[in-house]
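Only a predicted model underlies this, so the values are computations on that prediction, with no experimental measurement involved. Here is the naming used below: chain letters follow the sequence lines, and residue numbers restart at 1 for every chain.
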Amino acid sequence: MPEKNYDAQRIEMKWRRRWEQIPLYRAEANPARPKYYVLEMLPYPSGTLHMGHLRNYTIGDAVARYKRMRGFNVLHPMGWDAFGLPAENAAIERGLHPREWTLRNIAEMTRTLRRYAFSYDWSREISTCEPEYYRWNQWFFLKMLERGLAYRKKSLVNWCPECGTVLANEQVVDGCCWRHPRTPVEQRDLEQWFLKTTAYAEQLLADIRRLEGLWPERVLAMQRNWIGRSEGAEIVFRLEDGRPIPVFTTRVDTIFGATGLLLAPEHPLTAELVEGEGRLRVKAMIDSRAQKQLAEFDKEGVFTGRYAVNPYNGERLPVWVANFVLLEYGTGAVMAVPAHDQRDFEFCRKYGLEIRPVIRPAGGEPARADLLEEAFVEDGVLENSGEFSGLSSEEARRRMTAKAEREGFGRAAVTYRLKDWGISRQRYWGTPIPVVHCPQCGIVPVPESELPVLLPLNVRITGRGRSPLESVPEFVQAACPRCAAPARRETDTMDTFVDSSWYFYRYCDPRNDRLPYDPELIAYWFPIDQYIGGIEHAILHLIYSRFFCKVMRDIGLIRHDEPVRSLFTQGMVLKDGAAMSKSRGNVVGADELADRYGADTGRLFVLFAAPPEKELEWQDAGVEGMHRFLARTYRFLTRNAERARSGAAGEAEADRQALRKLHQTVRKVTQDLESRWHFNTSIAAVMELMNELHALEERLSGPVLQEALEKVTLMLAPFVPYLAEELWEELGRQGPVFDQSWPDYDQELAREEEAEIVVQVNGRVRSRIRAAFGASREELERRALEDDKIQGFLKGRQLVKVVVVPDKLVNVVVR
RNA sequence: GCCCGGGUGGCGAAAUGGGCAGACGCAGAGGACUUAAAAUCCUCUGGGAGGCGACUCCCAUGCGGGUUCGAGUCCCGCCCCGGGCACCA
């Protein structure tokens with residue numbers, strides 16, 4: 001039978017048409033079957049689908065297909081994130097409504113994704129900018145409001161005076177507005193909505209331990225770091241008029257070395273204590289810090305002229321305002337211990353405050369202030385610390401904290417770096433926050449029955465002024481739900497990270513109009529077995545969604561504590577050393593590639609070129625190699641398909657050899673896919689097998705050819721879906737290949753007949769011998785020593801010992 | 001500064017619990033087919049030295065030590081690259 005040429009386009013078109021006729025992957029909850037929920041992180045519809053995205057989806061798709069062939073009920077849904085700011089900005093530039101822009105791009109990207117034959121369950125497609133999704137965002141918001149987990153407070157925000165609008169942190173570049181690079185950003189005090197993530201700080205941290213081994217260590221480390229738990233003590237210093245200034249420290253043991261008390265510029269007491277020209281300097285501090293000057297700005301302070309009393313020794317400490325003290329961390333005030341803290345040291349040296357060592361290294365010389373250079377922080381033995389002198393740092397911390405508690409001037413305390421999540425955006429494109437401001441009743445939540453509060457469509461978005469919603473009277477004017485008086489509707493919208501925090505729950509039940517989802521369905525599908533995405537979401541998205549999970553659990557909707565069992569972070573796809581992005585103009589488009597080589601080739605390349613967690617430098621040359629392999633395989637199969645079915649005879653030895661390699665390959669690929677996703681080595685193994693089949697081609701019998709070709713097709717199915725379907729049909733088999741079972745292997749057939757034993761002399765390979773598997777140590781040793789080459793090395797030397805590793809190696813040690 | 005990764009041919013990479021370093025692919029060289037090209041197929045390809053030759057020896061996994069019969073893999077000390085956090089008290 002003549003071979004056929006590989007026409008990737010024809011094959012793709014053919015199968016795409018057929019797949020459109022049948023629901024490809026429709027997963028229904030079925031408690032009788034084991035489930036597998038695999039998901040790639042939600043993309044936002046930028047319109048361009050490039051190889052960076054494609055790598056993410058291809059990995060998930062390969063896993064989904066494999067798991068399906070292993071008999072799992074696979075849920076693999078697909079949806080889109082509205083991603084507020086980029087959408088709104090892109091829309092402004094093009095004079096489009098953000099909604100129009102988003103829907104257009106979703107349509108475009110869906111078309112391309114379908115081309116790559118992803119195994120998504122499109123019946124579950126959701127888009128987070130749809131009213132039914134807003135409704136449940138708002139529903140969750142109200143639940144949190146009820147529980148005190150959502151609140152409003154005044155807070156400093158970035159403000160661009162040129163745009164006259166609030167900026168998100170990401171929009172501040174080098175202290176200036178991203179659109180006005182010469183306009184410094186100011187800080188403004190505005191009322192903002194927050195979700196109380198800090199209420200779950202301890203749980204978020206503690207549960208990280210359950211994710212160990214299942215999530216990449218690097219992600220866990222980042223999250224631990226971000227939550228930033230510190231154990232220490234809160235000690236109350238008092239001004240001479242008796243007013244308290246609590247201070248948080250992890251080093252109470254150094255408190256006898258405190259020679260000053262430092263307040264954050266924004267600290268409530270600052271404004272009161274600082275007078276005259278000092279006020280201007282404090283204001284300057286606040287503004288300069290807003291500009292996030294590249295890390296290093298000089299330490300500065302303003303003396304308040306007041307003193308505070310150290311409760312441990314009654315000492316009077318000067319109270320300063322210092323620009324490096326953070327209001328948001330701890331209590332917004334710190335004690336200055338210049339002898340044992342780098343920052344305090346720099347500050348006190350600059351302003352001439354006393355530097356007094358109170359810790360010496362265990363077993364070392366007493367510390368001397370004039371010798372202090374960089375050796376701070378370390379624990380040691382206390383000195384000059386009254387009743388605590390002579391104690392170890394650890395012991396001292398315990399006793400000093402106990403004393404503070406006993407005498408009522410302090411307590412043990414834990415502080416977190418994690419802050420509450422500011423969700424207010426003075427922007428249009430996001431879920432409206434469902435509350436109304438009533439002149440009589442204050443903040444009144446919109447009743448559940450009136451949800452969703454929808455965005456008005458007739459709005460002019462200019463990117464200037466405050467929220468565009470403020471200039472839509474029909475939206476702003478509302479009746480108070482409580483007293484029916486005229487009231488003002490909240491115009492802040494939610495951060496779109498709220499959307500992405502729970503979208504994977506909605507997938508399980510996307511059309512539910514009574515609840516965000518049916519808890520029963522969640523109980524079946526959750527947790528997500530495998531979540532796949534880029535490292536850039538390690539902190540924000542993955543902490544927010546863990547937080548949401550815990551809140552939903554406490555509301556009583558779900559029972560599990562963590563949403564995601566295993567997390568996989570794939571490496572970026574680089575082009576010319578930089579991440580692909582439209583703005584950089586270095587994208588390799590997914591469509592363009594599919595036009596040239598076919599989608600299968602593109603998929604195979606991103607899976608083959610490197611292990612999926614590594615970064616991948618895109619090389620067009622490598623793509624051609626993948627295409628060659630597929631073409632070669634296709635030709636081989638088509639020219640042998642007839643003979644394979646014929647039952648033709650072959651050479652026994654060739655058959656044995658081919659079967660051995662075949663079963664070894666199935667074993668290797670199966671193990672690779674089960675334990676670690678090194679698709680590159682799986683694919684390499686199939687290539688090796690094909691090379692072997694080429695070498696044996698004419699000598700193989702029909703049945704062996706058939707078995708080999710079928711198994712090759714099945715093994716390729718997770719990676720190259722179109723070609724696999726076509727090959728399956730060429731082999732005369734019925735039914736879609738993704739419905740077949742994963743091929744199995746036979747350990748006996750996979751076994752080599754003889755072992756090749758490496759013979760080393762002093763650890764260097766000098767010869768090889770062949771021996772039956774299971775040959776005894778004695779036999780191997782004897783055979784090795786008899787070997788001609790080894791004899792040569794033994795001449796004139798003394799045999800010291802022989803190390804034998806059965807079936808593998810003999811090492812002869814000589815002197 | 002602190003916390004994570006990582007460093008192997010010309011390139012992407014393999015080597016899964018210490019046991020043949022460089023599988024598989026790309027690029028390159030030579031050859032076959034062809035009027036020619038493309039495509040395809042075959043052979044070679046880490047560096048060095050020796051031999052007419054089948055071959056033999058030496059060097060080689062960022063650098064320096066160590067453990068071991070044996071180290072890319074384990075331990076100690078450095079160097080370099082990438083990433084995250086960063087006056088977090």
Side-chain angles (χ1 to χ4, degrees), chain A residues 3 5 216-226 228-230 232 247-252 254 262 289 295-299 322-326 328-337 340-344 346-347 374 376-377 415-419 535-536 538-539 571-572 604-605 608-611 613-626 628-629 631-632 635 668 671-672 675-676 678 680-691 694 756-768 789 792 800-805 807-814:
Chain A
E3 66 184 26
N5 275 321
E217 192 43 51
R218 159 172 85 126
V219 173
L220 299 182
M222 279 190 218
Q223 293 212 355
R224 279 196 199 98
N225 212 315
W226 188 260
R229 184 193 146 99
S230 293
V247 157
F248 175 77
T249 177
T250 54
R251 295 295 308 271
V252 208
T254 65
L262 311 180
R289 191 151 78 192
E296 304 285 326
F297 51 87
D298 288 332
K299 297 196 165 36
N323 64 344
F324 65 94
V325 178
L326 303 172
E328 320 83 67
Y329 187 78
T331 60
V334 300
M335 62 182 193
V337 185
H340 300 293
D341 183 281
Q342 173 82 45
R343 299 155 301 186
D344 297 346
E346 286 168 27
F347 184 83
E374 307 285 302
F376 298 98
V377 204
T415 301
Y416 299 91
R417 205 192 77 108
L418 185 72
K419 293 181 214 155
I535 186 71
E536 67 274 18
I539 300 181
M572 280 188 298
L604 196 65
F605 177 72
F608 176 76
E613 70 275 12
K614 262 191 95 158
E615 289 191 345
L616 167 63
E617 174 70 34
W618 184 265
Q619 287 181 347
D620 289 326
V623 181
E624 277 169 38
M626 291 306 99
R628 267 202 291 274
F629 166 70
R632 205 163 109 100
R635 287 196 309 269
K668 160 115 183 100
Q671 284 169 356
D672 273 1
S675 58
R676 35 169 229 174
H678 280 200
N680 54 334
T681 56
S682 300
I683 295 165
V686 178
M687 286 175 170
E688 264 188 81
L689 171 61
M690 283 311 298
N691 290 346
H694 272 99
E756 190 181 63
I757 310 288
V758 172
V759 184
Q760 301 179 333
V761 177
N762 291 344
R764 317 191 64 130
V765 181
R766 298 299 183 184
S767 182
R768 292 148 208 281
K789 293 197 193 109
V800 179
K801 80 190 231 193
V802 180
V803 179
V804 181
V805 182
D807 298 342
K808 270 196 180 152
L809 152 153
V810 178
N811 189 10
V812 179
V813 186
V814 299

Subject >> Check against side-chain contact (heavy atoms from CB on, under 4.5 Å), A:Thr250 and A:Phe248 >> reply: CA-CA 7 Å; A:Thr250 54; A:Phe248 175 77; 4.0 Å; yes

**OP:** Tell whether A:Lys808 reaches the base of B:C20 with its side chain through a donor-acceptor pair below 3.5 angstrom.
**Re:** no

Original post:
Given the P atoms of B:G22 and B:G47, what is the spacing between them in whole Å?
Top reply: 14 Å

Original post:
Given atom CG of A:Leu418 and atom P of B:A86, what is their separation to the nearest angstrom?
Top reply: 12 Å

**OP:** Tell me the stems RNA chain B sits in, counting at least three consecutive Watson-Crick or G-U wobble pairs, each under 3.5 Å on both distances.
**Re:** B:1-7 with B:79-85, B:10-12 with B:24-26, B:28-32 with B:40-44, B:46-50 with B:55-59, B:62-66 with B:74-78

**OP:** Produce a footprint string for nucleotides 65-73 of chain B: one letter per nucleotide, 5' end first; B if the base is under 4.0 Å from any protein heavy atom, S if only the sugar-phosphate is, - if neither.
**Re:** ----BS---

Original post:
Which letters describe nucleotides 23-29 of chain B, given B = protein heavy atom under 4.0 Å from base, S = only from sugar-phosphate, - = neither?
Top reply: BBSSS--

Original post:
Between A:Phe608 and A:Met687, does a side-chain contact (heavy atoms from CB on, under 4.5 Å) hold up when you go through it step by step?
Top reply: CA-CA 11 Å; A:Phe608 176 76; A:Met687 286 175 170; 4.0 Å; yes

Original post:
Expressed as a whole number of Å, how far does the C1' atom of B:C74 sit from that of B:U67?
Top reply: 8 Å

**OP:** Please state how far atom CZ in A:Arg417 lies from atom C1' in B:C3, giving the value in whole angstrom units.
**Re:** 12 Å

Original post:
With a non-hydrogen cut-off below 4.0 angstrom, is A:Arg768 in contact with a base, only sugar-phosphate, or nothing?
Top reply: base

**OP:** Find the distance between CD1 (A:Ile535) and CE (A:Met222) and round it off to the nearest 0.5 Å.
**Re:** 4.0 Å

Subject >> Where the chi angle of B:G9 falls, syn if within 90° of 0 and anti if not >> reply: syn

Original post:
Choosing from B:C59, B:A89, B:C41, which nucleotide comes nearest the side chain of A:Arg764?
Top reply: B:C59

